[in-house]
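As structure tokens, the structure follows; a few thoughts come after it.
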Amino acid sequence: DTTRRGKPASWLVHGVSRTVLVSNMLIPKAQMLVYDLGFNAAKSVVDTWFSITLGEVLDVFSNTRDYIRVVDLKTASLFQLSMELGCLAAGRGDLVGELREYGLYVGRAYQIADDMVDSAKSIKSGSLEKPVTRFLEWLGIEQNKASVREVMRRGSARLIENLVMAEKKAVSLGIEPLSTRLKLMP
């Protein structure tokens, strides 16, 4: 990619070597930050790093049609890790499994929303890249019939499904549902 979140990609601005070196430095630094949480936390960071990388490899280099598997690997796994590390930092290892499931649904919802935006931009520009075509296929939209309106309609339904699952998980754990918080916002 030459852009990331509307800005030039790091490798274009700073060069490939610098970008790789900085990322290679940041990864072990992130691992060191969780050492105090114990071996399982450090192992989860490494496992998640592998999952994210595998998801990205599948996204870029494979012809897999399994959209949700790629999402679970490259995005939801990071949300799951954040839930796990939060539990461990709070001394609530008993909640890791439940909150990892919550992270799965929130991570999926995040990626679906992100892909809806990317798909709308791609359709408007007339350039459909592989991640967008995989998303459209998952939504059941033929590439040659793709419209922004249809992506938003079908994508919103999938987004809501995952948010509802996250909310159900939160309620089962006694956590205030996100919908309650959203109602309180101005």
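Computed from heavy atoms alone, side chains included, the values below leave out hydrogens, waters and symmetry copies.
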**Request:** Search all heavy atoms of A42 against all heavy atoms of V34 and return the closest pair with its distance.
**Result:** CA-CG2, 3.9 Å
**Prompt:** Is there a donor-acceptor contact under 3.5 Å from the side chain of S23 to the main chain of V20?
**Reply:** yes
**Message:** Determine whether a donor-acceptor pair (N or O, by modelled atom type, separation under 3.5 Å) exists between the side chain of S156 and the backbone of R153.
**Reply:** no
**Request:** Output all residues satisfying salt bridge (charged side-chain N to carboxylate O under 4.0 Å, His left out) with D114, sequence neighbours left out; order by chain, then residue number.
**Result:** R5
**Message:** Distance check, rounded to the nearest 0.5 Å: E101 atom CD versus L173 atom CG?
**Reply:** 8.5 Å
**Which residues share a ring-ring contact (aromatic ring centres under 6.0 Å, His included) with Y105, sequence neighbours left out** = none
**Request:** Give a yes or no on whether V45 and M83 share a hydrophobic cluster (residues Ile, Leu, Val, Met, Phe, Trp, Tyr; joining criterion: side-chain heavy atoms under 4.5 Å apart).
**Result:** no
**Complete:** With sequence neighbours left out, the residues meeting side-chain hydrogen bond (donor to acceptor under 3.5 Å, both in side chains) with K168 are none
**Asked** If we only count heavy atoms from C-beta on, is the M152 to V148 side-chain gap below 4.5 Å?
**Response** yes
**Asked** What is the minimum heavy-atom distance between P8 and V13, and which atoms define it?
**Response** CB-CG2, 3.7 Å
**Any side-chain heavy-atom pair of D115 and V151 under 4.5 Å** = no
**Prompt:** Measuring from S82:OG to R100:CZ, what's the distance to the nearest 0.5 Å?
**Reply:** 9.5 Å
What side-chain donor-acceptor pairs closer than 3.5 Å can you find for residues 91-98, not counting sequence neighbours?
residue	atom	partner	partner atom	Å
R92	NE	D94	OD1	3.0
R92	NH2	D94	OD2	2.7
E98	OE1	K169	NZ	2.4

**Request:** Can you see which heavy atom on A109 is nearest to which on L159, and at what distance?
**Result:** O-CD1, 3.1 Å
**Prompt:** Does D59 have any side-chain hydrogen bond (donor to acceptor under 3.5 Å, both in side chains) partners at least two apart in sequence or in another chain, and if so, which?
**Reply:** K74, R134
**Asked** So if you build clusters from Ile, Leu, Val, Met, Phe, Trp, Tyr with side-chain heavy-atom gaps below 4.5 Å, do W49 and L37 land together?
**Response** no
**Request:** Supply the members, apart from F50, of the Ile/Leu/Val/Met/Phe/Trp/Tyr cluster built from side-chain contacts under 4.5 Å; use none for a lone residue.
**Result:** L54, L58, V70, L73
**Item:** Which residues share a side-chain hydrogen bond (donor to acceptor under 3.5 Å, both in side chains) with Q80, sequence neighbours left out
**Value:** none
**Fill in**
V106 and A166 have their tightest heavy-atom pair at CG2-CB, 3.9 Å
**Request:** Can you run down the ring pair (Phe, Tyr, Trp, His ring centres under 6.0 Å) pairs that involve residues 131-165, sequence neighbours left out, and say none if there aren't any?
**Result:** Y67-F135, Y67-W138
**Item:** Separation between CE of M165 and CG of L104, rounded to the nearest 0.5 Å
**Value:** 9.0 Å
**Request:** Grab the two heavy atoms, one from F79 and one from G103, that are nearest each other, plus how far apart they are.
**Result:** CB-O, 3.3 Å
**Prompt:** Atom OG1 in T53, atom CD1 in I27: separation rounded to 0.5 Å?
**Reply:** 6.5 Å
**Request:** Name all residues meeting the side-chain hydrogen bond (donor to acceptor under 3.5 Å, both in side chains) criterion together with S10; count only those two or more places apart in sequence or in a different chain, and write none if there are none.
**Result:** T19
**Linked, directly or transitively: L81 and V71 (ILVMFWY side chains, under 4.5 Å)** = no
**Complete:** Rounded to the nearest 0.5 angstrom, the CG-OG distance for L88 and S44 is 7.0 Å
**Complete:** In short, A146 meets I141 closest at the heavy-atom pair CA-CG2, 3.7 Å
**Prompt:** Are M116 and I112 close enough, and set up right, to give a side-chain contact (heavy atoms from CB on, under 4.5 Å), and what steps lead you there?
**Reply:** CA-CA 6 Å; M116 288 169 65; I112 291 166; 4.0 Å; yes
**Message:** Quick one, E137 with T133, criterion side-chain contact (heavy atoms from CB on, under 4.5 Å). Give me CA distance, side-chain angles, the key distance, then yes/no.
**Reply:** CA-CA 6 Å; E137 183 178 295; T133 60; over 6 Å; no
**Asked** Is there a donor-acceptor contact under 3.5 Å from the side chain of R108 to the main chain of I68?
**Response** no
**Request:** Report yes if some heavy atom in the side chain of R154 is under 4.5 Å from a heavy atom in the side chain of E150; otherwise report no.
**Result:** yes
**Message:** D66: which residues meet the salt bridge (charged side-chain N to carboxylate O under 4.0 Å, His left out) condition with it, sequence neighbours left out?
**Reply:** none
**Message:** Would you compute the distance between atom OG of S62 and atom CZ of R69 and round it to the nearest 0.5 angstrom?
**Reply:** 8.5 Å
**Item:** Transitive ILVMFWY side-chain link Y102 to I175, under 4.5 Å
**Value:** yes
**Prompt:** Same hydrophobic cluster for I123 and L139, using side-chain heavy-atom links shorter than 4.5 Å among ILVMFWY?
**Reply:** yes
**Request:** Using salt bridge (charged side-chain N to carboxylate O under 4.0 Å, His left out) as the criterion, list what pairs up with R18, not counting sequence neighbours.
**Result:** none
**Message:** Using the salt bridge (charged side-chain N to carboxylate O under 4.0 Å, His left out) criterion, which residues pair with K121? Sequence neighbours excluded.
**Reply:** none
